[in-house]
Novice: 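Before anything else, here's the structure in question.
Note that ligands are numbered from 1 as they come in the structure, with each ligand's atoms numbered from 1 the same way. Along the sequence shown, residues carry numbers from 1. Just so you know, these numbers use all the heavy atoms, side chains as well, and skip hydrogens, waters and symmetry mates.
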Amino acid sequence: MSTASRSDSMRGGGRATGGQIGFLGLGHMGAPMAANLVRAGYDVLAFDPVPAAQEQARKDGATVVETAVAAATDRDVVITMLPNGKLVLDVYADLLPAANPGTLFIDCSTIDVADAKEAAARTVAAGHRALDAPVSGGVAGAAAGTLTFMVGGAAADFADALPVLEVMGGKVVHCGDAGVGQAAKICNNMLLGISMIGLSEALVLGEKLGLSHQSFFDVVSTASGQSWALTSYCPVPGPVPTSPANNDYQPGFATALMTKDLGLAANALRANGIDGQLGALAAEIYTRFNQTDGGKDFSAIVTDIRNRSEQEVTE
Ligand code: NAD
């Protein structure tokens, strides 16, 4: 494993792969990522089927093209930032025959590990190079160019991609072979989902037992129950002023996205025969919450636990 931070090299400097980039998927994440590449001086051909996304990319200085294939033609690097693995595989089926031999495909979407491996295998079989490079850091990190990239693929391809990824990210980690970047992403988010549920259950139990949120925080934040979910992202208002709980649970990291990532983790648990009971249960708990509150920050699960507890007591 190797890591790099932007301080290790000049932002956008040393373009080992050349400066011609195709960028597909200009949504919440892709739009600001592509804009940062344009700002760093890369020549970006951008494609998204949604007119509003095209318009924004034009304003950001990218050259918007009419088809996915056009965005991947005569490019050194093709970046995808798409909603799911099926779409990545479908789009790759069109792009791979059209791209110049040896094009470096970097998929930044969050998708199944199995789909990521399949996409990489097909890319290499078509005579190109492939990396999976999912991100954490959300829309704010995409806009600021401070995303964390978790990268799977060959070391030489990682080295070539580094200058490009460093434009969009504050930290870039080479995690291993194809698919292992996605593995890092879903393992982290599975742990985060489980720890947010556990923390929320403890907070609601504390409420019932007369323990104030601040007292809970003061003790647990320096005791063995301490977690990032508590100290950086406390799911109740007060102790951590920047957490979404203080802003009526506006995301942040939306419940819909946590639900998606936990679904990917649950798939991977099953596919690999892991006895991951908490991971599977966390996926179920968030799937249920997502049906009513998918737009809220995922830390709002504490309100669901509180509401359901009150119902159970009164029933
Ligand atoms: P989004 O839905 O806002 O954007 C996806 C974009 O892909 C849309 O603009 C859509 O029109 C476009 N698209 C669909 N089909 C296309 C095609 N054939 N060619 C080109 N573009 C196409 O989603 P997002 O929030 O930007 O997330 C993108 C990916 O990043 C997802 O896999 C998500 O799980 C992951 N992610 C999101 C966040 C976040 O906070 N939003 C954080 C980390 C990772």
Side-chain angles (χ1 to χ4, degrees), residues 21-36 44-58 60 62 64-73 75 78-96 98-99 105-113 115-116 119 132-151 165 168-171 181-182 184-190 192-193 233 244 250-265 267 286 290 294-299:
I21 295 180
F23 203 114
L24 296 97
L26 306 165
H28 292 97
M29 297 293 288
M33 290 164 71
N36 280 333
V44 178
L45 289 187
F47 174 72
D48 191 295
V50 173
Q54 297 172 3
E55 190 50 39
Q56 183 60 49
R58 257 183 225 108
D60 291 338
V64 176
V65 292
E66 292 302 315
T67 64
V69 165
T73 305
R75 301 281 96 185
V78 174
I79 299 174
T80 39
M81 193 52 167
L82 299 170
N84 60 59
K86 182 183 179 312
L87 199 49
V88 171
L89 289 170
D90 286 351
V91 167
Y92 271 31
D94 293 334
L95 304 190
L96 296 178
F105 282 79
I106 306 176
D107 180 38
C108 297
S109 327
T110 303
I111 67 174
D112 255 318
V113 173
D115 286 340
D132 51 292
V135 302
S136 74
V139 175
T146 56
L147 293 168
T148 295
F149 283 89
M150 296 151 259
V151 186
L165 298 180
M168 302 179 284
K171 187 171 184 188
Q182 295 291 350
K185 169 82 183 172
I186 62 168
C187 287
N188 180 72
N189 283 16
M190 183 179 85
L192 176 59
Y233 215 82
Q250 297 304 306
F253 186 47
T255 294
L257 290 170
M258 175 54 91
T259 304
K260 173 192 169 183
D261 292 358
L262 286 170
L264 296 175
N267 287 346
Y286 269 103
N290 186 46
K296 285 193 176 161
D297 188 79
F298 82 108
S299 62

Novice: With heavy atoms of Val91 as the reference, note each atom of ligand 1 found under 4.0 Å away.
Specialist: 18 (N)
Novice: Quick one: look at Leu257 and ligand 1, take heavy-atom pairs under 4.0 Å, and tell me if it's side chain, backbone, both or neither.
Specialist: side chain
Novice: Check whether any side-chain heavy atom of Lys185 lies under 4.5 Å from a side-chain heavy atom of Asp132, and answer yes or no.
Specialist: no
Novice: Among protein heavy atoms, which lies nearest atom 35 (C) of ligand 1, and at what distance?
Specialist: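 Result: Thr110 OG1, 3.5 Å.
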Novice: Please classify the Lys185 to ligand 1 contact at 4.0 Å (heavy-atom distances, strictly less than): side chain, backbone, both or neither.
Specialist: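 Side chain only; the backbone of Lys185 stays clear of ligand 1.
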Novice: Could you say whether the N/O atoms of Asp48 and ligand 1 ever approach to under 3.5 Å?
Specialist: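 Between Asp48 and ligand 1 (N or O atoms, distance only) the closest approach is under 3.5 Å.
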Novice: Nearest to atom 30 (O) of ligand 1, what protein heavy atom do you find, and at what distance?
Specialist: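 Atom 30 (O) of ligand 1 sits closest to the protein heavy atom Met81 CE, 3.1 Å.
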Novice: Report yes or no: does Gln54 contribute a side-chain atom to a donor-acceptor pair with the main-chain N or O of Asp48 at less than 3.5 Å?
Specialist: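 Yes, Gln54 side chain to Asp48 backbone: donor-acceptor pair under 3.5 Å.
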Novice: Under 4.0 Å from any heavy atom of Lys260, which atoms of ligand 1 are there?
Specialist: 31 (C), 32 (O), 33 (C), 34 (O)
Novice: Taking a cutoff of less than 4.0 Å between a non-hydrogen atom of the residue and any ligand atom, is Pro83 in contact with ligand 1?
Specialist: yes
Novice: Between Thr146 and Gly169 (side chain of the first, backbone of the second, donor and acceptor by atom type, cut-off under 3.5 Å), is there such a pair?
Specialist: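 No.
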Novice: Is any side-chain heavy atom of Lys296 closer than 4.5 Å to a side-chain heavy atom of Pro244?
Specialist: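 No, their side chains stay 4.5 Å or more apart.
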Novice: Under 4.0 Å from any heavy atom of Phe47, which atoms of ligand 1 are there?
Specialist: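 Those of ligand 1 that fall under 4.0 Å from Phe47 are 19 (N), 20 (C), 21 (N).
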Novice: Would you mind checking which non-hydrogen protein atom is closest to atom 15 (N) of ligand 1, with the distance to 0.1 Å?
Specialist: Leu87 CD2, 3.4 Å
Novice: Where do Ala34 and Val44 come nearest, in terms of heavy atoms and distance?
Specialist: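 Heavy atoms of Ala34 and Val44 come nearest at O-CG2, 4.4 Å.
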Novice: To check your reading of the model: name the closest protein heavy atom to atom 4 (O) of ligand 1, its residue, and the distance in Å.
Specialist: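 Heavy-atom neighbour on the protein nearest atom 4 (O) of ligand 1: Gly27 CA, 3.2 Å.
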Novice: Would you say that Val151 contacts Leu165 through its side chain, given a criterion of any heavy-atom pair below 4.5 Å between the two side chains?
Specialist: yes
Novice: Taking C-beta and beyond as the side chain, do Met33 and Leu147 meet within less than 4.5 Å on heavy atoms?
Specialist: yes
Novice: Between Leu82 and ligand 1, find which residue part has any heavy-atom pair under 4.0 Å and reply side chain, backbone, both or neither.
Specialist: both
Novice: Against heavy atoms of Val50, which atoms of ligand 1 measure under 4.0 Å?
Specialist: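 Those of ligand 1 that fall under 4.0 Å from Val50 are 11 (O).
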Novice: With the threshold set strictly below 4.0 angstrom, can you tell me whether any protein non-hydrogen atom sits that near atom 23 (O) of ligand 1?
Specialist: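 Looking at atom 23 (O) of ligand 1, one finds that no protein heavy atom lies closer than 4.0 Å.
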Novice: Which of the listed options, Ala68, Ala31, Pro49, holds the heavy atom that is closest to atom 13 (N) of ligand 1?
Specialist: Pro49
Novice: Say whether Asp107 and Tyr92, considering side chains only, have a donor N or O and an acceptor N or O under 3.5 Å apart.
Specialist: no
Novice: Do Leu192 and Met258 have side-chain heavy atoms sitting under 4.5 Å apart?
Specialist: yes
Novice: At a 4.0 Å threshold, what atoms of ligand 1 neighbour a non-hydrogen atom of Ser109?
Specialist: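 Listed by number with element, the hits are 32 (O).
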Novice: Give me the nearest non-hydrogen protein atom to atom 25 (O) of ligand 1 as residue plus atom name, then the distance to 0.1 Å.
Specialist: His28 CB, 3.6 Å
Novice: Hey, is ligand 1 close enough to Asp261 that some N/O pair sits below 3.5 Å?
Specialist: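 Among all N and O atoms of Asp261, none is under 3.5 Å from an N or O of ligand 1.
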Novice: Measure across Ala68 and Leu24 and return the closest heavy-atom pair with its distance rounded to 0.1 Å.
Specialist: CB-CD2, 3.4 Å
Novice: How does Ala53 reach ligand 1, if at all, at less than 4.0 Å between non-hydrogen atoms: by side chain, backbone, both, or neither?
Specialist: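 For Ala53, there is no contact with ligand 1 at all, from either part.
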Novice: I'd like to check Val135 versus Met81 (side-chain heavy atoms, cut-off strictly below 4.5 Å). Are they in contact?
Specialist: yes
Novice: Just to confirm my output: which protein heavy-atom neighbour is closest to atom 43 (C) of ligand 1, and how far is it?
Specialist: Val135 O, 3.5 Å
Novice: Can you find a heavy atom in the side chain of Met29 that is under 4.5 Å from one in the side chain of Val139?
Specialist: yes
Novice: Using a 3.5 Å cut-off on N or O atoms only, is Met29 in polar contact with ligand 1?
Specialist: yes
Novice: Could you list which atoms of ligand 1 come closer than 4.0 Å to a heavy atom of Gly138?
Specialist: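 Taking each heavy atom of Gly138 in turn, ligand 1 has 40 (O) under 4.0 Å.
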Novice: Once you measure the plane-to-plane angle for Phe253 and Phe298, does it fall in the parallel (<30°), tilted (30-60°) or perpendicular (>60°) bin?
Specialist: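 Plane angle over 60°, so perpendicular.
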